[in-house]
Amino acid sequence: MAKTFDVGIESLGSNGASQAAAHQAVGRQAAPGGLLPLPLRGVRDGQSAVTPAAPAGKSFFLETFGCQMNDHDSEKVAGVLQGRGYHSAESPAQADLVLYNTCSIREKAAQKVFARLGDWKTLADGKIIGVLGCLAQQEGEEIFERAPWVSLVCGSASYRKLPELIAQLESGGRRVTGLDLDTDETFETEITRRDNLLRAYITIIEGCDYACSYCVVPHTRGPERSRSSEAVLAEARRLADAGYSEIQLLGQTVNSYRDPSPRGWKFVELLRAVAAVAGIRRVRFTTSHPNDFHREIVEAIDEVPELCDHVHLPVQSGSTRVLREMLRTYTREEYLQKIEWIRAARRPISITSDIIVGFPGETEADFAETLSLLDTAKYDAIFSFKYSPRPNTSAMHLPDAIPEEEKSRRLAILNERQRAIQLAANEKLVGQSYEVLVDGCHPARTQWGGRTSCNRLINFTSPHVNLLGEYVQVKVTRAGPNSFAGEHVT
Ligand code: SAM
Ligand code: SF4
């Protein structure tokens with residue numbers, strides 16, 4: 001699943017790198033220096049609570065790779081550990097338990113994790129090293145062969161078992177695994193550590209029942225299972241009580257949600273109900289599968305101000321022939337029909353997408369169709385990927401692999417075309433004012449940063465000294481392809 005659509009602060013002024021440093025996001029990802037120190041929050045079932053103070057006990061370090069679902073799974077794993085008395089260590093070297101929550105969506109992501117594990121070859125003595133998430137599920141016990149110093153391997157479909165697995169290690173167990181995919185359970189935790197003070201994630205559906213031919217997710221995250229609407233709403237209310245005003249609903253195919261309780265709500269009904277929770281000002285959702293994207297979602301966004309005006313709707317390819325090979329279950333025309341619904345909404349809704357280039361057998365003509373789809377859809381941003389063959393996927397066995405250099409060439413052309421589209425569209429927004437939730441700052445420069453409802457990133461100046469967490473009006477003064485500069489309108 002894709003991250004939010006901006007790729008970072010670009011150079012709007014003299015020096016892109018220093019501008020990037022200037023915008024320090026609130027939360028764990030932020031680099032030291034410049035960030036106002038803010039405590040992490042834990043939200044406990046039934047009450048809000050500050051993360052428990054570190055006991056004299058053991059410590060953990062958890063590094064996350066991959067998508068927002070992984071980020072949020074890590075928040076829950078951290079909550080489980082803190083509930084067992086572990087406290088969070090500053091660095092892996094200081095921790096008793098070192099966990100990697102991994103991604104295996106592309107080969108590079110998997111290689112990165114093995115490189116990290118390699119670092120412990122001679123240093124792991126006395127520590128518990130664990131691999132969680134997609135790579136754990138994909139490689140299973142093979143991980144013990146490749147890195148014998150690892151003692152915990154647990155896929156995301158088995159996270160319910162984590163406390164039990166950790167208990168086995170604490171009582172002297174040497175190697176433990178949680179690798180079952182055969183589950184109808186979701187990962188509910190008593191405490192979830194919240195690493196972002198402003199935006200809180202809620203997983204509403206786990207796993208995936210689609211079978212896209214290039215994708216490991218059905219294999220690594222198991223079958224689709226939705227949480228009950230009551231559990232989701234209770235979490236949203238707790239978050240609102242804890243001071244959150246922005247919620248992001250998560251799922252690999254978030255809009256395939258089906259309430260398993262007798263209410264039987266569809267996704268759009270849950271969406272409207274979450275938006276109605278007192279105190280919630282912004283609701284986002286990702287990732288939507290085009291097949292389950294119905295007009296009623298656009299109608300809801302039009303009618304409910306709390307629903308953010310942004311839809312992430314991955315197309316993957318502009319060629320119906322390639323889409324069929326990818327087993328995406330829609331044609332180019334059916335997809336573009338949905339884009340038309342969104343573009344016809346009363347309020348402007350930004351649209352972002354994921355695109356894969358170099359799928360086996362993708363011809364020049366197929367690729368040209370992807371480029372022409374960019375011109376038609378006029379996305380506000382895209383996440384673009386070179387096709388990466390993955391184990392346990394049906395595309396692994398397709399003939400006519402595209403050479404790496406050709407994939408790179410197509411990727412560069414695609415990104416250049418999209419950059420021009422974004423720049424032209426963004427320049428038209430100069431002079432407009434937007435409500436921005438301020439999530440970053442550089443106090444020395446009185447420069448602030450934040451997101452609009454449509455998820456555009458705006459850096460702006462303001463004479464005010466404390467705007468973090470505030471909703472403010474910002475007028476756009478300059479536009480780049482990926483972000484904007486503006487000034488606080490008082
Ligand atoms: N569930 C979402 C959907 O259906 O669009 C996508 C989730 S996937 C984790 C995020 C993105 O990674 C996909 O949209 C796709 O563009 C990309 N991706 C997945 N498998 C890939 C592969 N084997 N090679 C390259 N990109 C891949
Ligand atoms: Fe992967 Fe397709 Fe499921 Fe998305 S819908 S997670 S791309 S299998």
Side-chain angles (χ1 to χ4, degrees), residues 1-5 64-73 101-111 133-135 137-138 156-157 181 203-226 249-257 267 285-293 311-318 322-330 335 338 351-362 370 373-374 379 381-398 401-402 404 407-408 410-411 414-415 418:
M1 185 171 46
K3 299 251 180 203
T4 47
F5 77 70
T64 309
F65 299 80
C67 61
Q68 281 156 320
M69 290 216 51
N70 271 12
D71 284 341
H72 185 44
D73 282 346
N101 188 4
T102 62
C103 169
S104 64
I105 202 92
R106 283 167 292 277
E107 197 183 352
K108 259 198 192 142
Q111 283 167 350
C134 294
L135 191 70
Q137 191 66 49
Q138 187 183 291
S156 69
L181 277 179
T203 306
I204 64 166
I205 176 170
E206 291 180 9
C208 178
D209 275 353
Y210 284 94
C212 303
S213 60
Y214 51 82
C215 183
V216 290
V217 168
H219 175 72
T220 56
R221 286 189 165 268
E224 179 184 299
R225 57 254 181 235
S226 295
L249 304 180
L250 293 179
Q252 290 295 341
T253 55
V254 74
N255 55 332
S256 312
Y257 175 85
F267 173 66
F285 54 96
T286 199
T287 295
S288 295
H289 192 290
N291 201 44
D292 297 318
F293 192 87
V311 173
H312 184 65
L313 199 64
V315 65
Q316 313 299 357
S317 168
V322 173
L323 288 172
R324 206 167 42 234
E325 293 290 311
M326 288 176 161
L327 305 179
R328 279 299 281 184
T329 73
Y330 52 83
Y335 178 87
K338 302 190 181 205
I351 311 176
T352 55
S353 193
D354 294 350
I355 293 179
I356 297 175
V357 298
F359 188 76
E362 183 188 69
T370 297
L373 186 127
L374 290 189
Y379 293 118
I382 60 166
F383 291 87
S384 52
F385 309 102
K386 288 191 273 183
Y387 168 69
S388 170
R390 304 308 295 131
N392 305 307
T393 62
S394 56
M396 241 343 236
H397 309 292
L398 289 176
I402 308 293
E404 265 322 289
K407 286 186 205 169
S408 302
R410 292 183 190 178
L411 189 71
L414 182 90
N415 287 340
Q418 178 61 24

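Remember, it's 1-based here, ligands and their atoms both numbered in the order they're listed. Every value quoted in this text rests on a predicted model; they were computed, and no experiment measured them. When a residue number appears, it is its place in the shown sequence, counting from 1.
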Per-atom contacts, ligand 2 versus [X] - under 4.0 Å to a heavy atom:
X    : value
P218 : 8 (S)
T253 : 5 (S)
H289 : 5 (S)

Just need the protein heavy atom nearest to [atom], so name the residue and atom and give the distance.
atom                    : value
atom 4 (Fe) of ligand 2 : R328 NH1, 4.2 Å
atom 1 (Fe) of ligand 2 : C215 SG, 2.3 Å
atom 3 (Fe) of ligand 2 : C208 SG, 2.3 Å
atom 7 (S) of ligand 2  : Y214 OH, 3.4 Å
atom 2 (Fe) of ligand 2 : C212 SG, 2.3 Å

For [atom], which candidate among [options] holds the nearest heavy atom?
atom                    : options                : value
atom 13 (C) of ligand 1 : T286, D354, N291, V254 : D354
atom 4 (O) of ligand 1  : R328, K108, M396       : R328
atom 17 (C) of ligand 1 : R106, Q252, H289       : R106

Provide the closest heavy-atom pair for [X] versus [Y] in the form atom of the first, atom of the second, distance.
X    : Y    : result
V216 : P391 : CG1-O, 3.8 Å
R328 : H289 : O-CE1, 3.6 Å
F285 : V311 : CZ-CG2, 4.4 Å
S317 : T370 : OG-OG1, 3.6 Å
Y387 : M396 : OH-N, 4.1 Å
P290 : K338 : O-NZ, 3.0 Å

Of all the atoms in ligand 1, which lie at a distance below 4.0 Å from a heavy atom belonging to [X]?
X    : value
Y387 : 24 (N), 25 (C)
R390 : 23 (N)
K386 : 24 (N), 25 (C)

Exercise. If we only count N/O pairs under 3.5 Å, is Q316 in contact with ligand 1?
Worked result: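 Right, the criterion is met.
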Exercise. Are any of the N/O atoms in S388 less than 3.5 Å from those in ligand 1?
Worked result: yes
Exercise. Where does F385 meet ligand 1, judged by heavy-atom distances below 4.0 Å: at the side chain, the backbone, both, or neither?
Worked result: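 Side chain only.
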For this session: Quick one: look at R221 and ligand 1, take heavy-atom pairs under 4.0 Å, and tell me if it's side chain, backbone, both or neither.
Result: neither
Exercise. Between the side chains of R106 and Y214, does any donor sit under 3.5 Å from an acceptor?
Worked result: no
For this session: Could you point out which residue of T287, T352, T286 forms a side-chain hydrogen bond (donor to acceptor under 3.5 Å, both in side chains) with H312?
Result: T352
Exercise. Does some non-hydrogen atom of M69 fall short of 4.0 Å from ligand 1?
Worked result: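 Under 4.0 Å: no for M69.
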Seminar exercise, completed: The answer for which part of Q316 has a heavy atom under 4.0 Å from ligand 2 is neither
Problem set entry | Working for salt bridge (charged side-chain N to carboxylate O under 4.0 Å, His left out), residues K386 and E404 | CA-CA 8 Å; K386 288 191 273 183; E404 265 322 289; 3.6 Å; yes
